[in-house]
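Report on the following structure.
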Amino acid sequence: MLNVSHLTKKYHRFVANDNLSFMVSDGETAVIAGPNGAGKSTAIKCIAGLLRFEGEIELCGFNNKSIEAKKVLGYVPEIPAPFDLLTVWEHMEFIARAYSLENWESRAEELMRRLELTDKRDKLGKELSKGMQQKISICCALLIEPKVVLFDEPLVGLDPHAIKELKAMLAEMKKKGTTIIISTHMLESVEDIWDKVFIMMNGRIEAERTRKFVEESGENLEELFFNITEGGSGAEVP
């Protein structure tokens, strides 16, 4: 479970995140949607513990800066940053050692197979394309079998097969009770996998919708998104 309470992040006078509060339950897939500059990536980085902020963030009941929280968190950044001089397989081994994983090899092999990295096993991070580097980030995040996982624009740069496999992996994690948070500016790319959507604009959550509400009301989520991001507004819905 993820619980964000009154998250505020300022860069001097600029407010990147303005008093954000929301919760994502076990086995729930939430999408943080909004245009570039809305504050999505800042919120994700705060949740991941990479930025200082005001407010409180808990992962599975633990403060997000604690060791206990970091043990259950997987994070795929918007811009992949593999180690230049580690091979693909050495990235897997590095994560396994960092998290003291046991019997991790078969899971690493399976993740690499599904994302078509097996033939790149001995390639250095600096030798790979951005798409391949993104696949390494995904494998590293999922190797630990996280209880909460953050994806910042995860589909950008991935080929169609990798997108299909990643969505299949998300469905599998959801069934296991994993809390999934996806940041994106392209709602249509995740329209088949979300349970809850938070639409952000100017550092604030301007609307919250559940799939059940949208399906029962017949509301057009894409219209709502553009009404908010192009100058309109949307009512908050529990």
Side-chain angles (χ1 to χ4, degrees), residues 2 4 9 16-18 20 22 24 28-48 50 74-81 114-116 129-139 141-142 148-174 178-215 217-234 236-237:
L2 167 68
V4 177
K9 174 61 183 177
N17 288 156
D18 188 1
L20 307 183
F22 60 90
V24 187
E28 196 169 45
T29 300
V31 172
I32 302 176
N36 292 331
K40 307 183 305 297
S41 291
T42 299
I44 290 290
K45 289 176 182 176
C46 287
I47 295 169
L50 300 177
Y75 170 51
V76 179
E78 180 179 10
I79 300 174
R114 294 183 68 171
L115 291 178
E116 298 184 317
S129 67
K130 183 177 179 180
M132 290 295 178
Q133 291 179 351
Q134 180 77 340
K135 293 179 181 182
I136 291 178
S137 292
I138 294 170
C139 287
L142 301 189
V148 179
V149 61
L150 310 173
F151 292 93
D152 196 354
E153 300 286 2
L155 304 183
V156 175
L158 292 183
D159 56 79
H161 173 82
I163 291 174
K164 179 182 177 182
E165 282 297 329
L166 177 56
K167 288 185 175 182
M169 291 176 184
L170 292 175
E172 293 162 11
M173 288 188 288
K174 175 182 171 67
T178 305
T179 301
I180 301 168
I181 300 92
I182 302 171
S183 165
T184 184
H185 66 279
M186 300 183 296
L187 261 180
E188 69 278 4
S189 68
V190 293
E191 62 184 358
D192 53 337
I193 60 176
W194 65 273
D195 299 305
K196 182 181 290 183
V197 171
F198 305 103
I199 301 177
M200 288 192 66
M201 187 67 182
N202 297 325
R204 298 184 297 272
I205 294 177
E206 295 292 351
E208 175 182 337
R209 295 292 187 270
T210 63
R211 181 177 290 276
K212 181 180 179 181
F213 176 86
V214 171
E215 290 176 347
S217 68
E219 183 177 42
N220 187 310
L221 192 61
E222 186 175 4
E223 276 186 18
L224 175 67
F225 178 84
F226 285 115
N227 283 341
I228 292 172
T229 59
E230 294 180 358
S233 63
E236 194 85 5
V237 172

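Predicted model only: the values in this text are computed from it and were never measured.
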Got [X] and [Y] here, is their nearest side-chain heavy-atom distance under 4.5 Å?
{"X": "Val156", "Y": "Met186", "answer": "yes"}
{"X": "Asn17", "Y": "Met200", "answer": "yes"}
{"X": "Thr29", "Y": "Val190", "answer": "no"}
{"X": "Ile138", "Y": "Leu158", "answer": "yes"}
{"X": "Leu221", "Y": "Leu224", "answer": "yes"}
{"X": "Phe151", "Y": "Thr184", "answer": "no"}

For the side chain of [X] and the backbone of [Y], is there at least one donor-acceptor N/O pair under 3.5 Å apart?
{"X": "Gln134", "Y": "Pro154", "answer": "yes"}
{"X": "Glu153", "Y": "His185", "answer": "yes"}
{"X": "Lys40", "Y": "Gly34", "answer": "yes"}

Shortest non-hydrogen contact from [X] toward [Y]:
{"X": "Val148", "Y": "Thr178", "answer": "N-CG2, 4.3 Å"}
{"X": "Thr229", "Y": "Pro35", "answer": "CG2-CD, 3.4 Å"}
{"X": "Phe213", "Y": "Glu219", "answer": "CE2-OE1, 3.5 Å"}
{"X": "Leu20", "Y": "Gly203", "answer": "CD2-O, 3.4 Å"}
{"X": "Ile180", "Y": "Leu170", "answer": "CD1-O, 3.5 Å"}
{"X": "Ser189", "Y": "Leu155", "answer": "O-CD1, 3.5 Å"}

Practice task
Scan for side chain to side chain donor-acceptor pair (under 3.5 Å) pairs involving residues 155-173, sequence neighbours excluded, and state none if there are none.
Solution key: Arg114-Glu165, Arg114-Glu172, Lys135-Asp159, Lys167-Asp192
Atom [atom1] of residue position [X] - does it have more than 12 heavy atoms of other residues, nucleotides or ligands inside 6.0 Å?
{"X": "Lys45", "atom1": "NZ", "answer": "no"}
{"X": "Glu116", "atom1": "CD", "answer": "yes"}
{"X": "Ile79", "atom1": "CD1", "answer": "no"}

Fill in the blank from the handout: Hits for side-chain hydrogen bond (donor to acceptor under 3.5 Å, both in side chains) against Ser41, two or more places apart or cross-chain, chain-then-number order -> Glu78, Asp152
Handout entry: Set of residues satisfying ring pair (Phe, Tyr, Trp, His ring centres under 6.0 Å) with respect to Phe22, sequence neighbours excluded
Key =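 Partners of Phe22 by the ring pair (Phe, Tyr, Trp, His ring centres under 6.0 Å) criterion, ordered by chain and then number, come out as Phe198.
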First locate atom [atom1] of [X], then atom [atom2] of [Y], and finally report the distance between them rounded to the nearest 0.5 Å.
{"X": "Ile181", "Y": "Ile47", "atom1": "CD1", "atom2": "CD1", "value": "6.0 Å"}
{"X": "Glu206", "Y": "Ile199", "atom1": "CD", "atom2": "CD1", "value": "9.5 Å"}
{"X": "Ile44", "Y": "Ser183", "atom1": "CD1", "atom2": "OG", "value": "5.0 Å"}
{"X": "Ile228", "Y": "Glu223", "atom1": "CD1", "atom2": "CD", "value": "12.0 Å"}
{"X": "Met201", "Y": "Phe225", "atom1": "CE", "atom2": "CZ", "value": "9.0 Å"}
{"X": "Ile32", "Y": "Glu208", "atom1": "CD1", "atom2": "CD", "value": "11.0 Å"}

